[in-house]
Amino acid sequence: MHCEHATILAARPNPLAKIESTSFKKNLASASLKCDGCEVRVPRLWICLEPSCRAVVCTTSSSSHMKIHYGSLHKAVRDACHCVFMNPRTLTIWCYRCECELNPFTEGNLISPSGRLFLKTAVRCMQGKKSKQDGDGAIQDLDLTGLVGLKNLGNTCYMNAALQALAHTPALTQYFQTCEAFIPESRRVEYARQKNIMLVDSFFNFVDSMWSGKSAIFSPGQLVSDVKKFNDIFQGPSQQDAQEFLRCILDKLHDELTYPRKYPDLNQILPNIPIQDEKLNKTKSVQLPQQTSSKSSNGTSKDISRSSNPKAVTTSSLSYASSRSSTSSRSLQSSENSSLVENTEITPARVTTPSIISDLFEGTLESRVRCLSCRKEYIKEDKFFDLSIPIDKKSKIIDDQDDKSSKDKDGGVLGSFVDSIGGWLSINNRNIKLSDCLASFCATEELTGEDRYRCTQCDALNDCRKTFRITRLPETLCIHLKRFRYDSYSSKINTYVQFPMEDLDMTPFLKSTDHQELSNSKYDLYALVRHRGVVGGGHYIGYAKHAVDGCWYEFDDTYVTRKAPVDVAKMEAYILFYQRKSSHRDEDRTRILKYMSKPMMQIYDKDLLVYISSLWFCRWKYLTSPGPISNHDFLCPHGGINVATTRNVMGMVTPIPRIAWDALVEMYGTDGSPVVNITALESEKMACSICAQEEAELDERRRREEQDVARLDSTVISDGQLWYLIGADWLKEWHAFKAGDKPPGPIRNSQFLKDNGQPRAGMKRGTDYRGINVIVWNYLQNIYGGGPEFVRAALDLYAPDPKTAPTSPVRNNSRSNAYSHHHQLNHLPHPSTLYQPQLNMYQQSVPSLNPYGRSQVPNGKPRKA
C-alpha cells in the first residue's frame with residue numbers, strides 16, 4: 001500500500017507556511033481551542049494539512065466533522081488535498097482517504113521520500129513552541145533521536161521533567177542500550193509475585209522509546225503506573241515534587257540493577273580454559289590465578305588474586321566495590337588525629353552493592369558535630385544521590401577559631417566564606433551564585449535552641465557546631481536547590497541562582513586529599529529541572545543538552561524546543577545535573593576507540609578479538625574511575641560460564657582488538673579475570689560443570705522447600721498457639737529464590753524490630769512483617785537460623801507480649817495440639833539431608849504465599865541523603 005497524498009502536499013508552494021505561522025500556532029495552543037463545527041476540544045481535534053486550509057475538526061462517535069470536511073472540500077474542489085490531518089497534541093497523522101496512520105519516523109513504503117520529509121518537518125514544527133520565524137526553537141536535524149516529548153497524564157509534569165533529565169544522562173542510556181543482557185528480566189529471573197512492581201522493565205521500555213527514533217511523542221503510562229504501585233505518595237491526581245520522584249526512582253532502580261558480579265572462587269580450580277595465543281596462532285590453556293594470602297591493614301586475612309600479567313591489579317574479591325567504598329573511609333580515618341580518637345565517635349557510610357545507579361549518582365557526605373561542652377566530636381558519613389542545598393540559609397554561621405588550621409588544610413573555604421556571605425543569607429529575590437549556596441551548605445553553623453544536639457558523653461542536649469564536607473564526588477552530581485519552605489506557612493523562594501554551564505569547581509567543598517579525586521573535581525551542566533509557579537502547584541519543565549548535536553532543548557511535556565545556552569543559564573533552576581569532566585580520560589578513550597572504529601574492526605581476524613564485559617566497557621566509556629578490568633560479570637566464580645543462569649553470553653560481551661585490550665590492561669589492570677576470545681565462548685569447555693551440578697541441587701531444593709512450606713503453612717492457628725512474626729523483606733527474597741534467584745541468608749527480623757528486640761514504630765502487617773505458625777518457624781530455623789524469635793497471640797506486632805500478659809485457660813486440647821505439632825515435624829526429612837549448606841528463605845503465611853499480603857505493597861520511601 002502506498003499513500004500519495006503526503007507527496008501531493010509536499011509539492012505545494014510553501015507547504016509549511018501555515019504550520020510555521022506564529023498566529024496559527026498560538027491559536028492551536030490556546031486553551032479555548034475547539035472544533036469549528038461543535039464544542040469538542042483536545043485531544044480529539046485535528047488540523048487539515050492543506051496549506052491553504054485552517055480548519056480545525058473533530059472525530060467523535062456521534063459526529064465526525066473530519067468526514068464532513070473531507071467530503072465537502074476534498075471531493076468537491078479540484079486538485080485539493082483535504083484528507084491528511086494531524087492531531088496537534090499527539091502529533092499523530094491520519095490520511096482519511098487511505099484510512100491509515102502516516103508515521104514519518106518509521107521505515108516502509110507507505111510514504112514517499114518527499115512526503116516523509118514534509119511530514120517530519122511538520123511534526124517538528126508542531127512539536128516546538130516557537131516557529132522558525134522567531135529565529136529559535138526549530139529542530140534542525142529531523143532524524144535526531146532523543147527529541148521525544150512526554151505526554152502529560154494528569155499533573156505528571158514533575159515526572160516528565162525528571163524523566164527527561166534521566167533519559168539524557170549518557171551513561172544511563174548507554175547502559176540500557178548496550179547492557180540489556182544484564183538487566184534482571186533479561187537474566188530470566190522471574191520474580192514471581194513481585195513481578196508487578198518491577199520498575200526496571202518499564203524504565204527500559206521508556207529509554208528504548210526515547211532513543212529508537214520511531215515517534216515524536218511517548219506516553220509513559222506504564223512507567224508511571226509502576227511507580228505508583230510501590231510508592232503511594234504518587235498516587236492520585238495531585239502534583240508532587242520532582243525531586244522526591246527523582247530520589248524514589250533512583251533508589252528503586254538501584255535496588256533492581258545491582259551488578260551480577262560472581263567473584264572468583266580460588267579454592268575451586270576449573271579445568272583449563274581455551275584462549276587464543278596471537279603470537280603462536282594456536283590455542284593454549286590458561287588456568288585461573290593461584291591464591292595467595294595477605295594480611296590487610298586491620299589484621300584480617302583476605303584472598304589476593306595473583307595474575308600472570310605483571311600489570312594486573314592484585315585486589316580482593318570485592319575489587320571494584322571495595323575500591324570505591326574505601327576511598328571515603330580512608331579519607332575519614334586518615335584525617336583523624338590519633339590524639340583525638342578517644343574523644344571522637346565515627347560512623348562510616350554503610351556498604352552497598354554497586355549498580356549503574358550508584359556508579360553514576362552516588363557520592364559520600366561527611367557531617368561533623370562538635371559538642372561545645374565536652375568537645376566530643378561526632379563524625380558520620382552518609383551516601384547521597386543528590387545534594388539538597390539551601391538558598392536562604394538562616395542558621396548562624398560562625399568562624400570557629402579552634403578549627404582554623406583544619407580550614408586551611410581543607411582549602412580555606414570556611415574562613416574566607418564567612419566574610420563574604422553574610423549579606424545575602426536572609427535576603428530573597430536577589431541574584432546569588434551556586435558556589436555561595438554550596439559554601440553556605442558546607443560552612444560551620446551553630447546548633448542552638450531547638451536545634452541542639454544530644455551528646456551521649458554529656459547525656460544532655462547541648463549547643464554544638466556542625467559542618468558538612470564531601471568526601472567522595474559522584475560521576476553525576478545532582479544538586480537540588482531547596483526552593484520550597486514549609487514553616488508556619490508554605491512558600492516558594494524565587495531567588496535566581498547563577499549556576500555555571502561549564503567548569504563547576506567542587507574542590508573547595510571536597511575533603512579528600514587524593515590527587516586523582518582533586519584533579520577530577522570539575523563538572524559541566526547537561527540537564528536541569530525548572531519549576532515555575534507557586535508551592536503546591538505550578539509547572540515543571542525539563543532542559544537537557546543533547547549528547548549528539550550538543551544543543552540545548554526545552555522539554556515541556558509534549559513540546560520540544562531548541563534553546564540557546566544563554567537562555568538556559570537564565571532559568572530559575574530547581575534541580576541541576578552536572579557531569580564530571582576529565583580531559584586526560586577523554587584523550588585515553590579517543591585513542592583506544594580509534595582501534596575499534598568500524599574500518600579497523602573489519603580488518604581484524606575474528607579469532608584475534610578479545611571479548612570484554614559490556615558492563616565494564618560501559619563504565620570505562622563514561623566513568624573517570626571504572627576500576628580494574630573484570631570479566632566476572634558474565635563468568636561464573638570458577639572462571640567458566642553457568643549456562644543455567646547466563647543464557648545470552650554474547651549479549652554480555654563486547655569484542656575489542658588485542659591491542660586495545662593490552663592498552664586497557666596497562667592503564668587499569670585486571671582483577672585476575674581470564675582473557676576470553678571467540679574460541680573460548682564457543683567451546684563446550686566454557687560450560688562450568690561445577691555450576692551445573694550446583695544448579696541442579698538448587699532446583700531440587702527449591703522444589704522440595706516450596707512443597708514443604710505449602711504443606712505446613714496455615715491461615716489460622718489453634719487456641720493456645722502463637723503467631724511467629726517474620727520480616728516481609730526476607731519473604732520477598734525467598735520468592736526470588738524459588739523463581740530462580742540466589743539463596744537468601746539467615747532470617748532477618750530487624751526490618752520491624754529494634755536492636756533491643758522491641759517493635760519499631762509505624763510497621764504495617766504485610767508490608768513489613770507477616771505471621772507464620774510454630775511448625776513453619778521451626779522448619780525454617782533448622783534451615784536458615786537467624787531471627788530473633790518474636791511471638792504474639794494475635795497477628796499484630798503491637799499486641800501484648802504473651803510472655804508478660806496474664807494467661808487464659810485453653811479451651812482446646814493442648815496435648816493433642818502438641819502431639820500434632822511434634823508428629824508433623826518428626827515426619828519431615830531433616831533439612832540437612834535435602835540441601836547443601838547454603839540456606840534459603842520463607843514466604844508469607846497465607847495460601848497465596850504473597851509476601852505483601854493481598855493488597856499491600858512496599859512503600860518505597862526515597863533514600864535519605
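For the numbers below, each heavy atom of this structure counts, side chains included, while hydrogens, waters and symmetry mates do not.
The line from CD of E366 to CD1 of I470 is 11.5 Å long, rounded to the nearest 0.5 Å. Distance check, rounded to the nearest 0.5 Å: CG of L576 to OH of Y526 gives 11.0 Å. The CG atom of L199 lies 9.0 Å from the CG atom of L257; values are rounded to the nearest 0.5 Å. Rounded to the nearest 0.5 angstrom, F509 CZ and I389 CD1 are separated by 9.0 Å. Separating the CD1 atom in I183 from the CD atom in E256 is a distance of 10.5 Å, to the nearest 0.5 Å. To the nearest 0.5 angstrom, E502 atom CD is 5.0 Å from D524 atom CG.
Taking 4.5 Å as the limit, every side-chain heavy atom of K545 sits out of range of all side-chain heavy atoms of Q579. Contact check for I479 versus L434: side-chain heavy atoms found under the 4.5 Å cut-off. Residues V529 and Q243 are not in side-chain contact: their nearest non-hydrogen atoms beyond the backbone lie 4.5 Å or more apart. In this structure the side chain of N677 never reaches within 4.5 angstrom of the side chain of R658, judged on heavy atoms. With contacts defined as side-chain heavy-atom distances shorter than 4.5 Å, the pair L147/F555 qualifies. At a threshold of 4.5 Å between non-hydrogen side-chain atoms, the residues Y523 and L473 count as touching. Counting heavy atoms from C-beta outward, S521 and D505 have side chains that approach closer than 4.5 Å. Side-chain contact between V676 and V610 is absent, with no heavy atoms from C-beta onward closer than 4.5 Å.
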| Check against side chain to side chain contact (heavy atoms under 4.5 Å, CB included), T169 and Y622 | CA-CA 10 Å; T169 302; Y622 294 99; over 6 Å; no

| Where do R472 and E362 land on the salt bridge (charged side-chain N to carboxylate O under 4.0 Å, His left out) test, with the steps shown first? | CA-CA 9 Å; R472 188 177 66 82; E362 188 178 85; 3.6 Å; yes

| For F182 and Y175, what are the C-alpha separation, side-chain angles and deciding distance, and is it a side chain to side chain contact (heavy atoms under 4.5 Å, CB included)? | CA-CA 9 Å; F182 292 100; Y175 170 83; 4.3 Å; yes

| field | From CA spacing to verdict: salt bridge (charged side-chain N to carboxylate O under 4.0 Å, His left out), K581, D503 | value | CA-CA 8 Å; K581 59 188 303 184; D503 294 330; 2.7 Å; yes

| said: Please determine whether side chain to side chain contact (heavy atoms under 4.5 Å, CB included) holds for the pair V548 and L144, giving the CA-CA distance in whole Å, both sets of side-chain angles, and the decisive distance to 0.1 Å. | reply: CA-CA 8 Å; V548 177; L144 193 62; 3.9 Å; yes

| Residue pair S613, M652: steps toward the side chain to side chain contact (heavy atoms under 4.5 Å, CB included) verdict | CA-CA 6 Å; S613 166; M652 295 182 170; over 6 Å; no

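S358 contributes no side-chain N or O that, together with a main-chain N or O of P354, makes up a donor-acceptor pair within less than 3.5 Å. Panel note: side chain N631, backbone P674; a donor-acceptor pair is recorded below 3.5 Å. Remark: side-chain polar atoms of R589 are paired, donor with acceptor, to backbone N or O of W620 under 3.5 angstrom. With hydrogens and angles ignored, the 3.5 Å screen pairs a side-chain donor or acceptor of K383 with a backbone N or O of R350. At distances below 3.5 Å, at least one donor-acceptor pair connects side-chain atoms of W616 with backbone N or O atoms of P628. Between the side chain of T471 and the backbone N or O of T364, at least one donor-acceptor pair lies under 3.5 Å. Counting only distance, with no hydrogens or angles, the side chain of Q164 and the backbone of A544 share no donor-acceptor pair below 3.5 Å. Formation of a donor-acceptor pair under 3.5 Å by the S625 side chain with backbone atoms of G627 is not found in this model. Judged by distance alone, the side chain of H546 and the main-chain N or O of T145 form a donor-acceptor pair under 3.5 Å. Using modelled atom types, no side-chain atom of E475 and backbone atom of D359 make a donor-acceptor pair closer than 3.5 Å.
Here the shortest heavy-atom pairing between L360 and P474 reads O-CB, 3.9 Å. Across all non-hydrogen atoms, the minimal contact from M650 to Y611 is CE-CE2, 4.0 Å. When all heavy atoms are compared, the tightest approach of L365 to F441 is CD2-CZ, 3.9 Å. The shortest non-hydrogen separation linking R585 to Y668 is NH1-OH, 3.3 Å. Minimum interatomic distance between F577 and A165 (heavy atoms only, all atoms of both residues): CE1-CB, 3.5 Å. Heavy-atom minimum distance, D255 versus T258: O-CG2, 4.0 Å.
Between L166 and the choices T476, I357, L250, the side chain to side chain contact (heavy atoms under 4.5 Å, CB included) rule is met once, by L250. With H168 as the partner, the ring pair (Phe, Tyr, Trp, His ring centres under 6.0 Å) test is satisfied by one option alone out of W552, W211, Y543: W211.
Aromatic rings from F176 and F203 are positioned such that their centres are separated by under 6.0 Å.
Using a 3.5 Å distance cut-off with no hydrogens or angles, the side chains of R247 and S388 do pair a donor with an acceptor. Side chains of T654 and S614: a donor on one and an acceptor on the other come within 3.5 Å.
Evaluation of the side chain to side chain contact (heavy atoms under 4.5 Å, CB included) rule for M667 yields D588, R591, I592, L664 as partners, not counting sequence neighbours.
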